[in-house]
Number of protein chains: 2
Amino acid sequence: MSIIYCVSELKRPRRTQSERTRASREKILQAALEFFSRDGFRGAKLSEIAQAAGLTEPGLLHHFPSKNHLLMQVLDERDRVNQKRINDILSQEGSHVLDSLHALVKHNATVPGLVQLFTVLVAESLVPEHPAREFFVQRYQRTRSNLVEAIAKAQKAGEIRQDISAEVLGVLLFAVMDGLQVQWLLQPEQIDMPAAFGLFLELVRAK
Amino acid sequence: MSIIYCVSELKRPRRTQSERTRASREKILQAALEFFSRDGFRGAKLSEIAQAAGLTEPGLLHHFPSKNHLLMQVLDERDRVNQKRINDILSQEGSHVLDSLHALVKHNATVPGLVQLFTVLVAESLVPEHPAREFFVQRYQRTRSNLVEAIAKAQKAGEIRQDISAEVLGVLLFAVMDGLQVQWLLQPEQIDMPAAFGLFLELVRAK
DNA sequence: TACAACTTACCTAGTCAAAGATAGGTAAAA
DNA sequence: TTTTACCTATCTTTGACTAGGTAAGTTGTA
């Protein structure tokens, strides 16, 4: 029995293959999220991600055929979670959209890593032929149109001033959220993101 | 007389050395601006920049000792121009700050390359140990405090609502500008940046 | 003003390290 | 017996940067 065999025994607890596969992919995605957040797409290294997931680089590439594929998987997964949160917020009938958005921003202020992931990747994706560019275009498109719908409802319900275009307000709301994140990530201790966002909300709230 | 000599003659019109140096640095900075804008700092290649400036890569490195140095020079130069524009806007006594900012945004909408330079680089600089991070921290700090001052004045002058904190409004104004740029760069034809900004301005204008 | 000595601008050729990806094998699981 | 997960070893590309040379421009001195 070789040394390699022994090591192997240590590293591979008895499991079914599908369990192993799922567990590995899980760990890889988690590690990728972390490094993409910290270093951006170009800056992150497959070898580091693989190591953090307890694999070698080719081991990682067995599950995700390329760095680009890995990025897209991470984004899809993360976006599903975010999207769910946002849709829950927007679809609550008769609820207070503005308050819910405020809650979202407060929540974001507790997860700088995730916020940085999207802030860095969105900006990186502005360069031509970036693998994630189309992803973000779609994402803004879709989310914004949901938001605009919710705004229109809230205007009818008397929550939001009616003298503002819902379309433009949708654009503005995302702009404020994105823009605040940049300043907050640069100087977390100096920028009170939820407070600033709250002030903006007061400006659009119906009196 | 060698071929090399002739070529040399062609490529080097009779000039003083200081003229040549200045002209070369000028062309390099211009090309660097272009490629940093398009591809970001990491994405841009020294060889491409050099070629666009009519030099080889080591030729470029004769004038700027490293890629980092080149970036900082580009930022310093560009920032000087921008800063001047902003300070002119903010320092006009008794003028309309909001209208001036609106004019600035309208102007930005005509120079997507420059806007992209700062948008991409700011986000890229969020990753730890990025050479430009400190630059942007300083820049926000400085510009924001100038803006806050101008806002306070405008509030006294009755241009801006007085029930808003000048500090927070300063943060918000930059956030809106930055955030709008992202959506606009992703979908230029769908986002009317000056219009959206104008709507925001109406919200803070004194009635 | 002439010319030697120095300095500067820039080139060709090459180094070096990083990082993504592939080839082919081994052992566990199906 | 086949498939899957994953490894070691290797390849390849890329891109920042260096070494060392050449010719043009500059400067000091006769």
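We name chains A, B, ... by the order of the sequence lines, and we start the count at 1 in each one.
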Task: N/O (side chain, B/Thr56) to phosphate O (OP1/OP2, C/dC10) under 4.0 Å - done: no
Task: OP1 or OP2 of C/dC10 under 4.0 Å from side-chain N/O of B/Ser24 - done: yes
Open item on the list: Measuring only between side-chain heavy atoms, which start at C-beta, is A/Leu70 closer than 4.5 Å to A/Ile49?
Closed with: yes
TODO: Using a 4.5 Å cut-off on heavy atoms from C-beta on, say whether the side chain of B/Phe118 contacts that of B/Arg78.
DONE: yes
Open item on the list: Is there a side chain to side chain donor-acceptor pair (under 3.5 Å) between A/Gln183 and A/Gln187? Walk through the geometry before answering.
Closed with: CA-CA 6 Å; A/Gln183 293 179 66; A/Gln187 301 177 283; over 6 Å; no
Open item on the list: Base contacts versus sugar-phosphate-only contacts with protein, heavy atoms under 4.0 Å: please encode nucleotides 1-7 of chain C as B, S and - from 5' to 3'.
Closed with: -------
Task: Under 4.0 Å protein heavy-atom contact, by nucleotide of nucleotides 12-19 of chain D - B base, S sugar-phosphate only - done: ---SBBB-
- [ ] Decide whether A/Glu134 and A/Gln138 meet the rule of one side-chain donor and one side-chain acceptor closer than 3.5 Å.
- [x] yes
Open item on the list: Has A/Gln181 got a side-chain atom pairing as donor or acceptor with A/Val115's backbone, closer than 3.5 angstrom?
Closed with: no
Rounded distance (Å) that lies between atom [atom2] of [N] and atom [atom1] of [X]:
X: A/Arg22; N: D/dT4; atom1: CZ; atom2: P; answer: 17 Å
X: A/Leu55; N: D/dT8; atom1: CG; atom2: P; answer: 11 Å
X: A/His63; N: D/dC6; atom1: NE2; atom2: C1'; answer: 7 Å
X: A/Ile49; N: C/dA21; atom1: CD1; atom2: P; answer: 11 Å
X: A/Phe64; N: D/dA5; atom1: CZ; atom2: P; answer: 12 Å
X: A/Arg20; N: C/dA30; atom1: CZ; atom2: C1'; answer: 13 Å
X: B/Arg25; N: C/dT8; atom1: CZ; atom2: C1'; answer: 14 Å
X: B/His62; N: C/dT8; atom1: NE2; atom2: P; answer: 8 Å

Open item on the list: Heavy atoms only, 4.0 Å cut-off, all strands: where does B/Leu60 land among base, sugar-phosphate and nothing?
Closed with: nothing
Open item on the list: Within the supplied structure, the quantity of interest is the number of heavy atoms (other residues, nucleotides, ligands) at a distance under 6.0 Å from B/Glu48 CD; does it exceed 12?
Closed with: yes
TODO: Check the surroundings of atom CD in B/Gln83: do more than 12 heavy atoms from other residues, nucleotides or ligands lie under 6.0 Å from it?
DONE: yes
- [ ] Verify whether the ring centers belonging to B/Phe136 and B/His130 lie closer than 6.0 Å.
- [x] no
Open item on the list: Could you tell me if B/Lys45 sits above the aromatic ring of B/Phe35, with its cationic atom closer than 6.0 Å to the ring centre and no more than 45 degrees from the axis?
Closed with: no
